[in-house]
Chemist: 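I'd like to ask you about the structure that follows.
Note that this is a predicted model, so its numbers are computed, not measured. In what follows, chains carry the letters A, B, and so on, assigned in the order in which the sequence lines appear, proteins first and then strands, with residues in each chain numbered from 1.
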There are 2 protein chains.
Amino acid sequence: MTTFLGDMLTITELAREAGVTARAIRFYESKGLLTPRRAGTTRIYTHRERGRLQLILRGKRLGFSLTDIGEYLDLYDADPTQHDQIVLLLDKVNNRIGELESQKADIDDTLKELSGVRAQALAAMDDESAQAAQF
Amino acid sequence: MTTFLGDMLTITELAREAGVTARAIRFYESKGLLTPRRAGTTRIYTHRERGRLQLILRGKRLGFSLTDIGEYLDLYDADPTQHDQIVLLLDKVNNRIGELESQKADIDDTLKELSGVRAQALAAMDDESAQAAQF
DNA sequence: AACTTAGTTGACGTTAACGTCAACTTTGTT
DNA sequence: AACAAAGTTGACGTTAACGTCAACTAAGTT
């Protein structure tokens, strides 16, 4: 294992670093979200794949399906010399931005409600201690 | 069907209004997220259930599981006279707020990246038309 | 050379969130 | 009364996203 690896990681190393299982990483690959090089039969993960994995995990945290995430990743791979591709790209990017902004609005609504709940809870506790101070 | 219904809806009416299937609504009930009254055997949905359903759907848009959503809905039902409940409630509310804020951060990161992608795409199109203008 | 230690490829199992019947009962209509 | 429409309860099917094995192989170790 004293072979020079530089920026490269094995699947279990990447898994630990990212906090997921190797199985999950292979699964993402089977869905076309990752395409690691191979050293013989063994998968080798480099900077690019690490970044992609982070994007995948972030997408998951936002509740997107792996299919959606795949389309998102594709946005980074468009050929800037193909006019048609760029036009399609722009459309998809704009759609994605719209979705994310409405999701953000949902979050803000929820946060406001939770602030309300919290305020009520604090008020209830105040009442309680005021009540206790009576005796 | 000319019975007075007032604020009340039948399951298919509620389903249409909310854009989901009746099956989904029954499913949410089976998970304890909704508890409609009954007129004999038929479910009756009133203002409260409609609001709850909206909260469920918003939770889904944010990528939460029905279990998570159930805990979220519980936050609205805490008894303000029970000290222990309120303390627990505050803790849960604060956790939820934290999660949502980090989710919001993920969204903002993604939005920034997408802006970058868009800018690159627009630049590529500019180059292209400039190129075309050469001839 | 014999072994342990990753890593690899199937292949089947599992959970969440419904979809899709089938078989009834209940209502309102003709 | 007879009937179509809507609602109800099972119960089985389906998809996504992995978990869990089993059986092999390649790579260093002793």
Chemist: Please list, in numerical order, the residues of residues 52-71 of chain A that have a heavy atom closer than 4.0 Å to any atom of DNA chain C.
Modeler: none
Chemist: Answer yes or no: is there an ion pair linking Lys92(B) with Glu71(B), defined by an N-O contact shorter than 4.0 Å?
Modeler: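 A salt bridge is absent here (no side-chain N lies under 4.0 Å from a carboxylate O).
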Chemist: Here's a test for you: under side chain to side chain contact (heavy atoms under 4.5 Å, CB included), which of Glu99(A), Glu101(A), Gln103(A) qualifies with Ile107(B)?
Modeler: Gln103(A)
Chemist: Just wondering, do Asp108(A) and Lys104(B) contact through their side chains at under 4.5 Å, heavy atoms?
Modeler: yes
Chemist: Give me each pair satisfying ring-ring contact (aromatic ring centres under 6.0 Å, His included) with a member in residues 34-63 of chain B, each pair once, sequence neighbours excluded.
Modeler: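 Output for this query is empty, none listed.
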Chemist: Check the interface with nucleotides 3-5 of chain D: list each N/O to N/O pair with the protein under 3.5 Å, or write none.
Modeler:
none

Chemist: Contact between Leu122(A) and Leu90(B) at the side-chain level, heavy atoms closer than 4.5 Å - yes or no?
Modeler: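 Sidechains of Leu90(B) and Leu122(A): in contact.
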Chemist: Per the side chain to side chain donor-acceptor pair (under 3.5 Å) rule, what does the pair list look like for residues 81-90 of chain A, sequence neighbours excluded?
Modeler: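 Output for this query lists Asp79(A)-Thr81(A), His83(A)-Glu128(B).
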Chemist: If every non-hydrogen atom of Thr35(A) is compared with every non-hydrogen atom of Glu49(A), which pair is closest and at what distance?
Modeler: N-OE1, 3.2 Å
Chemist: Does anything in residues 56-75 of chain A form a ring-ring contact (aromatic ring centres under 6.0 Å, His included)? List the pairs, not counting sequence neighbours.
Modeler: Tyr72(A)-Tyr76(A)
Chemist: Of all of residues 14-43 of chain B, which get a heavy atom below 4.0 angstrom from DNA chain C, listed by number?
Modeler: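 Hits under 4.0 Å, by residue number: Thr21(B), Arg23(B), Ala24(B), Phe27(B), Tyr28(B).
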Chemist: Minimum heavy-atom separation for Ala18(A) and Leu57(A), please, with both atom names.
Modeler: O-CD1, 3.8 Å
Chemist: For Ile69(B) and Gly59(B), which heavy atoms make the closest approach, and how far apart are they?
Modeler: CD1-C, 3.7 Å
